[in-house]
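First comes the structure, then the notes that go with it.
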Amino acid sequence: MSDTGDRWVRRYHPAPDARTRLVCLPHAGGSASYFFPVSRSLSPAIDVLALQYPGRQERAKEPCLDTVEELADRVVEAVTPFVDRPVALFGHSMGASIGFEVARRLEAAGTTPVVLFASGRRAPSRFRTEKVHQRDDDGIVAEMKKLSGTDASLLGDEEVLRMILPAIRNDYKAAETYRPDPSLKLATPVYALTGDSDPQCTLEEAKAWAEHTTGAFDIEVFPGGHFYLNACVPQILGLIKDYLAKRVAA
């Protein structure tokens with residue numbers, strides 16, 4: 001495997017005989033370990049590849065990348081050695097935007113993913129003016145608390161916060177300054193997943209993903225806010241398994 005793959009890809013429960021690989025792309029401030037339970041639950045039926053962005057956990061000393069496009073470029077480099085079998089993409093929040101760009105690049109290189117599961121993120125054509133990345137540290141912490149994406153105990157630990165806030169600020173910058181061409185479309189099918197009370201993604205903004213694929217489009221609405229998925233893990237894993245089982249031949 002390339003050095004890029006070694007640094008970027010985490011395979012917590014390798015499943016070399018799986019028919020499908022699922023590439024998991026974390027949210028802003030998130031890390032590969034968020035998907036450890038997903039990997040444990042889906043293996044060995046599905047080989048889960050969790051991406052580790054620079055600037056966090058064991059990559060904390062590496063400089064962050066502050067655009068969705070550059071993150072997507074590097075992710076594609078890392079996962080290209082794994083496209084020897086059908087590949088699906090799952091991205092939450094910022095990860096969904098990265099997933100959209102990864103799918104575009106894979107298609108251009110001759111690989112069309114089985115599906116992009118776009119979770120908790122409005123469609124690429126639905127822009128908002130957001131400047132969380134320009135706030136002071138307290139302002140960013142307040143936004144994190146509002147979205148409930150980080151363990152409350154971490155938010156109260158100043159030493160931990162000092163370590164993770166630079167990466168979180170950087171990720172917010174990448175997500176908030178992402179402005180793709182609104183007319184871009186994938187051949188990859190898109191399955192939008194959203195919480196019914198997510199302040200970051202209305203139902204209309206989630207449904208608008210249909211405008212960005214010439215393939216099939218599906219949507220599933222769950223109870224909850226931006227991190228609805230934390231309380232809906234069994235349902236989401238079941239959805240992923242059923243969808244891929246029906247679309248990937250033995």
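We're numbering straight along the sequence, starting at 1.
Shortest non-hydrogen contact noted between V248 and P86 is CG1-CG, 3.9 Å. For A167 against G55, the heavy-atom pair with the smallest separation is CB-O, 3.4 Å. Across all their heavy atoms, F217 and A206 have their closest contact at CZ-O, 3.9 Å. Here the closest heavy-atom approach between residue M94 and residue A174 is recorded as SD-CB, 4.2 Å. Between P124 and P180, the shortest heavy-atom distance links the atoms O-CG, 3.6 Å. Contact between A18 and P44 at its shortest, heavy atoms only, is CB-O, 3.5 Å.
In summary, of the residues considered (R7, E62, E58), a side chain to side chain donor-acceptor pair (under 3.5 Å) with Q52 occurs for E58 alone. With L89 as the partner, the side-chain contact (heavy atoms from CB on, under 4.5 Å) test is satisfied by one option alone out of V79, V102, V75: V102. Evaluated for a side chain to side chain donor-acceptor pair (under 3.5 Å) with H13, the options S43, S39, S41 yield exactly one hit, S39. Just one residue in the list R121, Q200, R128 forms a side chain to side chain donor-acceptor pair (under 3.5 Å) with E205, and that residue is R128. The only member of E220, H226, H92 that meets side chain to side chain donor-acceptor pair (under 3.5 Å) when paired with S119 is H92.
Crowding of K131 atom NZ: a count of heavy atoms from other residues, nucleotides or ligands under 6.0 Å not exceeding 12.
Of the possible polar contacts, one joining the R122 side chain to the R126 backbone as a donor-acceptor pair under 3.5 Å is found. Here the side chain of K185 pairs a donor or acceptor atom with the backbone of E211 at under 3.5 angstrom.
Using a 4.5 Å heavy-atom cutoff, the side chains of P54 and C64 are not in contact. Under the 4.5 Å side-chain criterion, counting only non-hydrogen atoms from C-beta, V9 is in contact with F82. Inter-residue side-chain proximity for R247 and V115 is flagged as unmet; no heavy-atom pair is nearer than 4.5 Å. Taking the side chain as every heavy atom from C-beta outward, I219 and K207 approach each other to under 4.5 Å. Between L65 and R74 there is a side-chain heavy-atom pair separated by less than 4.5 Å. Residues L25 and Y53 form a side-chain contact, since some pair of their non-hydrogen atoms from C-beta on lies under 4.5 Å apart. At least one side-chain heavy atom of F35 sits under 4.5 Å from a side-chain heavy atom of P26. Residues V68 and F100 fail the side-chain proximity criterion, which asks for heavy atoms closer than 4.5 Å.
Both tests pass for R59 against the ring of W8: distance under 6.0 Å to the centre and angle within 45° of the axis.
Every side-chain hydrogen bond (donor to acceptor under 3.5 Å, both in side chains) that R105 has, sequence neighbours left out, goes to D73, E101. By the side-chain hydrogen bond (donor to acceptor under 3.5 Å, both in side chains) test, D17 pairs with no residue at all, sequence neighbours left out. Legend: residues meeting side-chain contact (heavy atoms from CB on, under 4.5 Å) with E107, ordered by chain and number and at least two apart, are T112, P113, L186, A187, T188. Applying the side-chain contact (heavy atoms from CB on, under 4.5 Å) test to S197 and every residue at least two apart in sequence or in another chain returns nothing. In this view, T213 satisfies the side-chain hydrogen bond (donor to acceptor under 3.5 Å, both in side chains) rule with no residue, not counting sequence neighbours. Listed by chain and number, the residues in a side-chain contact (heavy atoms from CB on, under 4.5 Å) with R179 are F127 (sequence neighbours excluded). In this structure, F90 has no ring-ring contact (aromatic ring centres under 6.0 Å, His included) partners at least two apart in sequence or on a different chain. Qualifying ring-ring contact (aromatic ring centres under 6.0 Å, His included) partners for Y243, counting only residues two or more places apart in sequence or in other chains: F117, Y191. Here D181 pairs with S183, L184 under the side-chain contact (heavy atoms from CB on, under 4.5 Å) rule; sequence neighbours left out. Residues meeting the side-chain hydrogen bond (donor to acceptor under 3.5 Å, both in side chains) test with D218, sequence neighbours left out: none.
Residue pairs meeting the salt bridge (Lys or Arg N to Asp or Glu O under 4.0 Å) criterion with at least one partner in residues 23-44, sequence neighbours excluded, are absent.
Looking at R19 and D47, no side-chain N of the basic residue comes within less than 4.0 Å of a carboxylate O on the acidic one, giving no salt bridge.
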Using the side chain to side chain contact (heavy atoms under 4.5 Å, CB included) rule, take L22 and I240 through it: C-alpha gap first, then chi angles, then the decisive distance, then the call.
CA-CA 9 Å; L22 179 67; I240 291 171; 4.2 Å; yes
Passes side chain to side chain contact (heavy atoms under 4.5 Å, CB included), L193 versus L229? Steps please.
CA-CA 9 Å; L193 311 174; L229 67 177; over 6 Å; no
List the steps and the verdict of ring-ring contact (aromatic ring centres under 6.0 Å, His included) for H27 and Y34.
CA-CA 9 Å; H27 54 276; Y34 184 78; 4.9 Å; yes
Could you go through the side chain to side chain contact (heavy atoms under 4.5 Å, CB included) check for H212 and V190 one step at a time?
CA-CA 8 Å; H212 297 279; V190 175; 5.8 Å; no
Going through the checks in order, is the side chain to side chain contact (heavy atoms under 4.5 Å, CB included) test met by T177 and T67?
CA-CA 8 Å; T177 59; T67 71; 5.6 Å; no
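In this structure, OG1 in T80 is found 8.0 Å from CD in E77, a value given to the nearest 0.5 Å. Taking CZ of R21 as the start and CG of L49 as the end, the distance is 6.5 Å to the nearest 0.5 Å. Considering OG1 of T202 and CG of D196, their distance stands at 12.5 Å, rounded to 0.5 Å. For the atom pair OG of S31 and CZ of R56, the computed distance is 7.5 Å after rounding to the nearest 0.5 Å. Taken to the nearest 0.5 Å, the CG atom of L71 stands 8.5 Å off from the CG atom of D66. Taking CD1 of I98 as the reference point, atom OH of Y178 lies at 9.5 Å (rounded to 0.5 Å).
Cluster partners of Y12, by chain and number: F36. The rule joins Ile, Leu, Val, Met, Phe, Trp and Tyr whenever side-chain heavy atoms lie under 4.5 Å apart.
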